[in-house]
Amino acid sequence: MSGEDLRELLLSRIRDVADYPRPGVMFKDITPLLADPEAFRALTGSLVEECRRMGATKIVGLEARGFILAAPVAVEAGIGFVPVRKAGKLPGATLSQGYDLEYGTAEIEVHAEDLAEGDRVAVIDDVLATGGTAEAAVELIRRAGAEVAGVSVLMELGFLDGRARLEKVLRGAPLGALLTV
């Protein structure tokens, strides 16, 4: 499938929901894309190609929709999947990283033993908005001793300028978005 055909397919399966989760917000709902096996397969295949180009040996998926995208990519690519979760959701020893939100702060965690020196880790998420969660994930990966191979997202919300924030911490690792809206 050509890049333009993939873009058209993905865009046709993303639903705009006005005023969700609050007035003035146009939410990009990917559940119709996930419900369409052709579109979901095409998305997964494209993300697998990205991870292979990066030379990834593990994939981190960001809670929660990033899990849905990253897990099948890891299976198809034949590499490990590591969930990065909201604080307090993982049992056992974890590494945690705080980050700023538009109105407040949040914290994410990863199992300390799931990433190690020598791992080349691709980060996958559904949306790049302000870049805070992805930036925190990049820091977590490095603190675990692993290398960041790159970040791939389904959709970048270009008007929020998360790319500029994230590129500062990527140190030359690629940042790819299949769609920019």
Do K58 side-chain atoms and A116 backbone N/O form a donor-acceptor pair below 3.5 Å?
no
Do H111 and P91 make a side-chain contact, defined as non-hydrogen atoms from C-beta onward lying under 4.5 Å apart?
yes
With a cutoff of under 4.5 Å between side-chain heavy atoms, which Ile, Leu, Val, Met, Phe, Trp and Tyr residues group with Y20?
V17, F27
Applying the side chain to side chain contact (heavy atoms under 4.5 Å, CB included) test to L154, which of L43, D125, V127, L128 qualifies?
L43
Check: D126 main-chain N/O paired with R65 side-chain donor or acceptor under 3.5 Å:
no
Can you check whether K28 reaches D16 side chain to side chain, under 4.5 Å on heavy atoms?
yes
Expected output: side-chain T44 to main-chain F40 donor-acceptor under 3.5 Å
yes
Is there a side-chain contact between I68 and L34 (heavy atoms, below 4.5 Å)?
yes
D19 side chain vs G24 backbone, donor-acceptor pair below 3.5 Å
yes
So CZ of R142 and CZ of R171: to nearest 0.5 Å the spacing works out to 4.0 Å
Which residue pairs satisfy the side-chain hydrogen bond (donor to acceptor under 3.5 Å, both in side chains) criterion with at least one member in residues 69-85, sequence neighbours excluded?
E63-R85
Taking every non-hydrogen atom, the tightest pair across I124 and C51
CD1-SG, 3.9 Å
When rounded to the nearest 0.5 angstrom, what distance separates OG1 in T57 from CG in D119?
4.5 Å
Between A122 and A56, which heavy-atom pair has the shortest distance, and what is it?
CB-CB, 3.8 Å
What are the two closest heavy atoms between S96 and E109, and how far apart are they?
CB-CG, 3.6 Å
Side chains of L47 and L178 in contact at under 4.5 Å (non-hydrogen atoms):
yes
Separation of T94 OG1 from E113 CD (nearest 0.5 Å):
9.5 Å
Could you tell me the separation between the OG1 atom of T130 and the CZ atom of R163, rounded to the nearest 0.5 Å?
14.0 Å
Would you compute the distance between atom CG of L166 and atom OG1 of T133 and round it to the nearest 0.5 angstrom?
10.5 Å
OG/S2 to CG/L9 distance, rounded to the nearest 0.5 angstrom?
10.5 Å
Can you see which heavy atom on P32 is nearest to which on R13, and at what distance?
CB-O, 3.2 Å
Would you find a donor on one side and an acceptor on the other, under 3.5 Å apart, between the side chain of D29 and the backbone of T31?
yes
Any side-chain heavy atom of L157 sitting closer than 4.5 Å to one from V181?
yes
Show the nearest heavy-atom pair for residues V121 and A146, with the distance to one decimal.
CG2-CB, 3.9 Å
Membership question, hydrophobic clusters at under 4.5 Å side-chain separation (ILVMFWY): are V153 and L69 in the same one?
no
Using a 4.5 Å cut-off between side-chain heavy atoms of Ile, Leu, Val, Met, Phe, Trp and Tyr, which other residues end up in the same hydrophobic cluster as V25?
none
Please determine whether salt bridge (Lys or Arg N to Asp or Glu O under 4.0 Å) holds for the pair R53 and E50, giving the CA-CA distance in whole Å, both sets of side-chain angles, and the decisive distance to 0.1 Å.
CA-CA 5 Å; R53 273 195 291 276; E50 285 290 313; 2.4 Å; yes
Can you hop from I30 to L179 via hydrophobic side chains spaced under 4.5 Å?
yes
Taking the side chain as C-beta and beyond, is there a heavy-atom pair between V60 and V110 under 4.5 Å?
no
